[in-house]
Colleague: 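Could you have a look at this structure, given as structure tokens, before my questions?
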Amino acid sequence: MQGGKIQWSESIVAAGDPVLRLPAAPVGPELLGTPELRELIDAMVLAMRNAPGVGLAGPQLGVPLRVIVLEDTSERMSHLSAEEKAERARSDVPLTAIVNPVLELLVEKDERPEIFFEGCLSVPGYTALTPRAHRVRCTGVTPEGEPLELTASGWPARILQHECDHLEGTLYVDRMISRSLCTSEAARTRWSGKSLQEVAEGLQLQRR
Ligand code: ZN
């Protein structure tokens with residue numbers, strides 16, 4: 001930001017840029033409902049759709065502000081089989097922009113995390129198994145400043161955890177099972193449709 005104006009990158013910022021490693025600042029009340037914030041969010045939505053991806057956080061356009069957008073559509077999931085969609089609990093997420101999101105993990109006692117391949121537009125070309133909570137609650141405000149609360153489970157909960165992590169300077173590579181790191185190509189050709197057990201055996205995940 002310069003002279004009070006929000007400036008953003010035309011392209012998605014890649015890992016290695018410090019903006020992806022610093023906690024983002026809350027959006028102040030003076031920005032809520034302004035065309036400026038709306039324009040930033042429009043730019044984020046455009047970048048997410050062009051990538052294409054299912055979520056984007058402010059720091060990914062070089063803006064250290066607590067704003068996330070998410071959207072998952074049937075079209076985006078068209079490469080997945082019905083079983084894969086069901087297994088990942090992947091369901092449509094309408095376009096949602098959340099300002100100053102606060103995430104609460106709704107984890108039952110003894111509940112184990114869900115483990116699936118996850119990737120990031122700021123770490124292009126790679127994917128890795130990443131444990132996430134099955135269910136979350138997210139509160140925040142809309143870009144207009146209206147209170148917003150939603151609970152999500154399965155894939156949408158994973159997207160929310162991934163995007164909110166960005167606001168803390170955390171990337172999925174900080175949480176991934178590091179031995180499962182694959183190029184996107186290898187993940188697609190070798191492990192698509194395979195069980196977690198098969199991936200674990202194939203990549204010897206139990207070894208250090
Ligand atoms: Zn990301």
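Each residue takes its place number in the sequence, starting with 1. Side chains included, hydrogens not; waters and symmetry mates left out as well; all remaining heavy atoms used. Ligands are counted one by one from 1 in listed order, and the atoms in each one are counted from 1 as well.
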Colleague: Please enumerate all residues that pass side chain to side chain contact (heavy atoms under 4.5 Å, CB included) together with Ala51, with sequence neighbours excluded.
Modeller: Ile12, Leu121
Colleague: With sequence neighbours left out, write down each residue that passes side chain to side chain contact (heavy atoms under 4.5 Å, CB included) with Gln197, or none if nothing qualifies.
Modeller: Ser195, Glu201
Colleague: Quick one: does any side-chain atom of Arg66 pair with a main-chain N or O of Ala24 as donor and acceptor, under 3.5 Å?
Modeller: yes
Colleague: Please lay out, stage by stage, how His162 and Glu118 fare under the test side-chain hydrogen bond (donor to acceptor under 3.5 Å, both in side chains).
Modeller: CA-CA 9 Å; His162 180 113; Glu118 185 173 314; 2.7 Å; yes
Colleague: Could you work out, with side chain to side chain contact (heavy atoms under 4.5 Å, CB included) as the rule, every residue matching Thr34, not counting sequence neighbours?
Modeller: Leu31, Glu36, Leu37
Colleague: Closest approach of Leu32 and Gly145, non-hydrogen atoms and distance?
Modeller: CD1-CA, 3.9 Å
Colleague: Within less than 2.8 Å of the Zn ion (ligand 1), how many protein N/O/S atoms are there?
Modeller: 3
